Amino acid sequence: MEQSILKVENLSHRYSVQWAIRDINFEITQNGVYGLLGSNGAGKSTTMNIICGVLKQTEGNVFIKGIDMRDNPVEAKRHIGFLPQKPPLHTDLTVEEYLTYCARLRQIARAEEGKVVDEVLARCGISHFRKRLIHNLSGGYQQRVGIAQAIIHRPDFVVLDEPTNGLDPNQILEIRHLIKAIAEECTVVLSTHILSEVQATCNYIRMIGQGTLVFSGTVDEFDNYILPNTVFATLVAAPPIEELKQLPGVVDVDELGGSNYRLRFSDSPQEMIERVVQTSVAKDWRLTEVRLEKSSLDDIFAELSKIKK
Ligand SMILES: Nc1ncnc2c1ncn2[C@@H]1O[C@H](COP(=O)(O)OP(=O)(O)OP(=O)(O)O)[C@@H](O)[C@H]1O
């Protein structure tokens, strides 16, 4: 039988009068990287804070490896490493001093401390900065220190809240690489509002929209839902809009001003692009740009909500 790593049952939370999340249910039984995806304000941080035991839920239950977070938080938290949205760094300490302090908070035996800190420094690629004050590190390296404190006690389950937020493109690639390496040894859940982030890093997706779970599945299954269904085209010598609407597969056409058009279609995206290009050449519409438009998170949320109903 598969072992439950995380089980979230009927989870709801209310800040004063407003519900931030409502009746969220899911279970994780396999290792891998899980992306908790949602727009800003969707309820990701609230869910993660409850899962990690730093916020007490209004209703519902969280089990970490079968241990109830409400009844036995100390035991449940032993299995979790958490990097909150705002990393809990003491920036006036050196990297080594800070991680030694984290090792003590995690009640690692004094005799083991040096070895454990050396190991986590190496795993996170920051051994060469061990004597550096944290506030003198770049954002990407500060984030590595944040991840180091989350995995220092070798938890089974690591939760990272928007781990690449505010980093430059190179730092983002490095942190993604580090997350994948960590996931070889444990389960990682990370939150993000960036779809490409999930596609680049995660194996599975849980999507939250307006406080409820709207999708739970693999990244491939998710991609099937979000195939783009609009084409942006610039036609310098465009025909009357009615003629564009006659193109096989086109459902509707929006005039965007200038020579720009948005074509909504029902056929496969690849066929649609080919049809636009071929017809444009045949009828001399002078096509200068054509591309599939990506769905925004809000569009996907709207689609998924329709499917759920
Ligand atoms: N301490 C709080 N008091 C009152 N309302 C809150 C509090 N924290 C969050 N909220 C509200 O709860 C909802 C969910 O917020 P949450 O921070 O969980 O979303 P999120 O998906 O993590 O968004 P972001 O990506 O912007 O961090 C939002 O409407 C937010 O305004």
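Both counts, for ligands and for their atoms, begin at 1 and track the order of listing. No experiment lies behind these values; they were computed from the predicted model shown. The analysis underlying the following values was restricted to heavy atoms, covering all of them including side chains, and did not include hydrogens, waters or symmetry mates.
- By the 3.5 Å distance cut-off applied to N or O atoms, Ala20 is not counted among the residues near ligand 1.
- You'll find the side chain of Trp285 reaches within 4.5 Å of the side chain of Pro239, heavy atoms only.
- Classification of Glu243 and Lys283 as a salt-bridged pair holds, one side-chain N sitting under 4.0 Å from a carboxylate O.
- Contact atoms of ligand 1 toward Asn40: 23 (O), 24 (P), 25 (O), 26 (O) (distance under 4.0 Å to a heavy atom of the residue).
- Those atoms of ligand 1 that come under 4.0 Å of a heavy atom in Ser45, given as number and element, are 17 (O), 18 (O), 20 (P), 22 (O), 27 (O).
- The closest protein non-hydrogen atom to atom 28 (C) of ligand 1 is Gly41 O, 3.6 Å.
- Taking the charged nitrogens against the carboxylate oxygens, Lys7 and Glu9 do have a contact shorter than 4.0 Å, which makes a salt bridge.
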Does the pair Tyr204 and Gln30 meet the rule for a side chain to side chain contact (heavy atoms under 4.5 Å, CB included), with working shown? CA-CA 10 Å; Tyr204 305 95; Gln30 282 168 313; 3.4 Å; yes

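- The pair Lys44-Asp161 does not count as a salt bridge, with every side-chain nitrogen at least 4.0 angstrom from each carboxylate oxygen.
- Within a 6.0 Å radius of CZ in Arg286, other residues, nucleotides and ligands contribute 12 heavy atoms or fewer.
- Contact atoms of ligand 1 toward Glu162: 25 (O) (distance under 4.0 Å to a heavy atom of the residue).
- At least one heavy atom of Gly43 sits less than 4.0 Å from an atom of ligand 1.
- In the vicinity of Lys44, heavy-atom distances shorter than 4.0 Å reach the ligand 1 atoms 18 (O), 19 (O), 20 (P), 21 (O), 22 (O), 23 (O), 25 (O).
- Residue contact check: Ala42 has heavy atoms under 4.0 Å from atoms 19 (O), 20 (P), 21 (O) of ligand 1.
- Of the protein's heavy atoms, none falls inside 4.0 Å of atom 31 (O) of ligand 1.
- For atom 15 (O) of ligand 1, the closest non-hydrogen atom on the protein side is Thr46 OG1, 3.9 Å.
- Given atom 6 (C) of ligand 1, the protein heavy atom at minimum distance is Tyr15 CD1, 3.3 Å.
- Atoms of ligand 1 lying under 4.0 Å from any heavy atom of Ser39, numbered from 1 in the order shown and given with element: 21 (O).
- Ionic pairing of Glu59 and Arg14 is not present here: no N-O contact between side-chain nitrogen and carboxylate oxygen is shorter than 4.0 angstrom.
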Would Asp252 and Arg262 count as a salt bridge (charged side-chain N to carboxylate O under 4.0 Å, His left out) here? Give the steps. CA-CA 8 Å; Asp252 201 6; Arg262 174 173 295 125; over 6 Å; no

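- Here the options are Leu190, Thr201, Ile151, the test is side-chain contact (heavy atoms from CB on, under 4.5 Å), and the partner is Leu160; only Leu190 passes.
- Residue contacts with ligand 1, taken as heavy atom pairs separated by less than 4.0 Å, involve Gln85 solely via side-chain atoms from C-beta onward.
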